[in-house]
S.K.: 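Just passing along the structure, written as structure tokens.
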Amino acid sequence: MIHTAHSRKVRCGMYRYRPILDSLVREVDADLIHQVMDRADPAYGGFVSAGYGMAVADHTSGGLSVARAACALLAEQSPMKGDPELLTRVIAGLRFVRRWQRPTGLIDLPRVDFDSPPDTAFVVQLLCPVLMLARRLAADGDSAARTLVDELVETLHPMASGIVGRGFRTPNHRWVVCSALAQAKAALDGFEADDYIRSILAETIDINPDGEFSERSTGVYNAVCDRSLRYIADLLPRQNLLDHVRANLSFMELVMEPDGTVLTCISRRQDQGRTYSPISMADSFFDMAIRDDNMSWLAIADRLADIAIRNANAAVQRDHSVFWLLQPFLRMPDWIHRRPVSGSCHTEPRQALLRHSKMWISSCKDHRAIAMGGNATAFSLRNGDAVLQALRVSGTYFHAAHFSADSILPIESSVDGDGVNGVILKHDGSLRHSAAWDLPLNRPVVFDNPHKGYYELADAGTRERWKLPPLDIELKVQQVDSGYDLLLSTDGGLDRIPFVVELFFPSGGRLQTRDLDCCPAEGSELFLRHGVATYRMGRHAISVGPGREAHRVPHTHAAGKVAGCFRVVINLLTPLNNRIEIRYGLWSEATRAIHAAPKSAPVETRVKEIPSLLRV
């Protein structure tokens, strides 16, 4: 009979083995109702995914379900440990995975990828830790573990073999594939993939000196890369790869918010602009905190683990996170019974200029501002519960004036001469697709092929063009008392070009002007014609202004909406030379205005520049 954990009160608050295990057991108990146990059904043993409406074996559904069920069967102190019915179900699940495999040994991710090496590698990442645990327990006489070893080997060997030599299609896939093969090499007798692993690692890790991976995915793929590199470092071994993990954790620490969410507007993947608590980073923060005796990372791991467990127990989020939270304890059983006391996060005021990532960050306890280049979002501010999710600037000048800074320069502090109190973001118009008109070719143009003709010739540069002057845009972001002054200017181009400054705020808060107090819905837009608009959420507030109404062009075909937000728009015309004042503080119902928040202590260490976060 399968035992459940419903009667146990789950204690959260720290990255500890028993609350994590209890949460995993709850997830397994919830999964089992979706497993097909009719032996006459071709999907026998599979877990039916609500998203697919059928049994699948990929790492987001069935592969994950069977992996965590196996963990619940084997893990120390699990109420499901050794349960005969659960053993039957795990074996059935593994056999379904084998039936799901293509002749290559690979599996599908039915949403998009078929006969997929990287998606198979994700499943190998899930099942290899279970196999390693089962081998240890089998050596100590655990009969359920001994049974599972053979089933896992039979499942994993064709998968790992199928991955070799068959490629990937995103940057993080390379490290997932290498990690899976390193795990298979350690877990499967006689399996070798050294040449293929070396050929992938020869490309070098796609991380800049600031600790940012090329996909810039703070919500999803940073965790995937860090976890994969940890496995590769330990199992090959290549301990130097841990320096990249350290660099990325240091970067993540800079872009994490006090509430456990993380800046995502910089991402190049599906997490862009969405609200994420990077709970899948918790195992890397915990693992590296123990290795490096880093109390700040341990505190972050505690916070993220607490969020993950609460989400899982409330069925808010069902994903890999709790499974991965458990893995450091299964790899290092001594950590089950003892771990360091909780650490503490940095709360003192800090500044960092990350030249390679084109970012400047200024933060203290409840406040964080980020100015950034290479992104449609140029500025973002959090003041407690009040958030300016994104500030964007764009013009209608032939799609060449959507502001995305190509360079970032520091503004040296005039107070002590040894700090940075702002940055200058520069958008170089000469680097954009030029504002121009196509000239005639004076010869026939064939239009019988829909993929050729006018536009292909223009894009290929075959046509000569009458070019208009490039438009340079500069945004100077400077810190002032309780706020920031943003000086927006243009050089070149033409006059009378419509520009918009778009300010995105999360719905659910209130917006007040001199004559209006409302609660805008997600997706709505308001034009700030003059004066100041104040956004408030709870006791915190952010004001922006002054407004301008130089035109009524509603948008400029720029980056579009921001999920969960409404838009406040300031309309301008070139040439630009405008100051936007952004202030933050505490909201007073008595005065119906912002009061400056209590001042933080002086910045003890102002980071003028971080040339590299890598430890070498």
S.K.: Any salt bridge (Lys or Arg N to Asp or Glu O under 4.0 Å) involving residues 276-285? Give me the pairs, sequence neighbours left out, ordered by first then second residue.
M.R.: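 Pairs touching residues 276-285 that pass the test: Arg227-Asp283, Arg230-Asp283.
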S.K.: Crowded around Asp495 CG? As in, over 12 foreign heavy atoms under 6.0 Å?
M.R.: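 Yes - once you tally the heavy atoms of other residues, nucleotides and ligands closer than 6.0 Å, there are more than 12.
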S.K.: Where is the tightest heavy-atom contact between Pro520 and Gly509, given as atom of each residue plus distance?
M.R.: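 Pro520 and Gly509 have their closest heavy atoms at CD-O, 3.9 Å.
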S.K.: Between Leu249 and Ser284, which heavy-atom pair has the shortest distance, and what is it?
M.R.: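 The answer is CD1-O, 3.8 Å.
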S.K.: Can a side-chain donor-acceptor contact be found between Asn294 and Ser296 if the only test is distance below 3.5 angstrom?
M.R.: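 Judged by distance alone, the side chains do not pair up.
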S.K.: Answer yes or no: is there a side-chain heavy-atom contact under 4.5 Å between Ile582 and Leu391?
M.R.: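 Yes - at least one pair of side-chain heavy atoms lies under 4.5 Å apart.
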S.K.: Arg592: what forms a salt bridge (charged side-chain N to carboxylate O under 4.0 Å, His left out) with it, not counting sequence neighbours?
M.R.: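 Once residues adjacent in sequence are excluded, the partners of Arg592 under the salt bridge (charged side-chain N to carboxylate O under 4.0 Å, His left out) criterion are Asp517, Glu589.
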S.K.: Mind checking what makes side chain to side chain contact (heavy atoms under 4.5 Å, CB included) contact with Cys225, not counting sequence neighbours?
M.R.: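 Testing Cys225 for side chain to side chain contact (heavy atoms under 4.5 Å, CB included), a comparison that skips the adjacent residues, returns Asn172, Trp175, Phe213.
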S.K.: Could you work out, with ring pair (Phe, Tyr, Trp, His ring centres under 6.0 Å) as the rule, every residue matching Tyr397, not counting sequence neighbours?
M.R.: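 So Tyr397 forms no ring pair (Phe, Tyr, Trp, His ring centres under 6.0 Å) with any residue.
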S.K.: What class does the angle between the rings of His427 and Phe403 fall in, given that below 30° is parallel, 30 to 60° is tilted and above 60° is perpendicular?
M.R.: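 Taking Phe403 first and then His427, their aromatic rings lie parallel (interplane angle under 30°).
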S.K.: Residues two or more places apart in sequence or in another chain: which of them pass side chain to side chain contact (heavy atoms under 4.5 Å, CB included) with Ser543?
M.R.: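 Per chain and number, Ser543 pairs via side chain to side chain contact (heavy atoms under 4.5 Å, CB included) with Val532, Thr534, Arg583, Ile594.
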S.K.: For a 4.5 angstrom cut-off between non-hydrogen side-chain atoms, does His530 reach Pro546?
M.R.: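 They are not in side-chain contact.
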S.K.: Please round to the nearest 0.5 Å and tell me the distance separating atom CG of Asn375 and atom OG1 of Thr377.
M.R.: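 It comes to 5.0 Å.
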S.K.: Side-chain contact, heavy-atom cut-off 4.5 Å: Met281 with Asn248?
M.R.: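 Result yes, sub-4.5 Å side-chain heavy-atom pair found.
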S.K.: Just verifying a value: how many Å separate Leu425 CG and Met372 CE, rounded to the nearest 0.5 Å?
M.R.: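 These two atoms lie 9.0 Å from each other.
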S.K.: What is the minimum heavy-atom distance between Arg463 and Pro440, and which atoms define it?
M.R.: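 Closest approach of Arg463 to Pro440: NH1-CA, 3.9 Å.
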S.K.: Tell me every residue that passes salt bridge (charged side-chain N to carboxylate O under 4.0 Å, His left out) with Arg579, counting only those two or more places apart in sequence or in another chain.
M.R.: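 Expected list: Asp485.
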S.K.: Look up atom CZ in Arg355 and atom CD1 in Ile408, then write down how far apart they are to the nearest 0.5 Å.
M.R.: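 These two atoms lie 8.0 Å from each other.
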S.K.: According to side chain to side chain contact (heavy atoms under 4.5 Å, CB included), who are the partners of Ala369, at least two apart in sequence or on a separate chain?
M.R.: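 For Ala369 the side chain to side chain contact (heavy atoms under 4.5 Å, CB included) partners, ignoring immediate neighbours, are His367, Phe379, Leu381, Tyr484.
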S.K.: Can you find a pair of side-chain heavy atoms, one from Ile570 and one from Leu572, that are under 4.5 Å apart?
M.R.: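 Ile570 reaches Leu572 side chain to side chain.
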S.K.: Scan for salt bridge (Lys or Arg N to Asp or Glu O under 4.0 Å) pairs involving residues 538-548, sequence neighbours excluded, and state none if there are none.
M.R.: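 Residue pairs passing salt bridge (Lys or Arg N to Asp or Glu O under 4.0 Å), neighbours aside: none found.
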S.K.: Test Ile473 against Phe499 for side-chain contact (heavy atoms from CB on, under 4.5 Å), laying out the working first.
M.R.: CA-CA 11 Å; Ile473 312 169; Phe499 261 75; 3.9 Å; yes
S.K.: Of all residues at least two apart in sequence or in a different chain, which pass the ring pair (Phe, Tyr, Trp, His ring centres under 6.0 Å) check with Phe398?
M.R.: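 Counting only residues at least two positions away or on another chain, Phe398 forms a ring pair (Phe, Tyr, Trp, His ring centres under 6.0 Å) with Trp437.
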S.K.: Side-chain contact, heavy-atom cut-off 4.5 Å: Lys426 with Asp406?
M.R.: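 Of all side-chain heavy-atom pairs linking Asp406 with Lys426, none is under 4.5 Å.
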S.K.: So, using salt bridge (charged side-chain N to carboxylate O under 4.0 Å, His left out) as the criterion, who are the partners of Glu522 when residues are at least two apart?
M.R.: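 Partners of Glu522 by the salt bridge (charged side-chain N to carboxylate O under 4.0 Å, His left out) criterion come out as none, since no residue qualifies.
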S.K.: Asp113: what forms a salt bridge (charged side-chain N to carboxylate O under 4.0 Å, His left out) with it, not counting sequence neighbours?
M.R.: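 For Asp113 the salt bridge (charged side-chain N to carboxylate O under 4.0 Å, His left out) partners, ignoring immediate neighbours, are Arg169.
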S.K.: Could you pull out all residues at least two apart from His59 that satisfy ring pair (Phe, Tyr, Trp, His ring centres under 6.0 Å)?
M.R.: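 Counting only residues at least two positions away or on another chain, His59 forms a ring pair (Phe, Tyr, Trp, His ring centres under 6.0 Å) with Phe122, His320.
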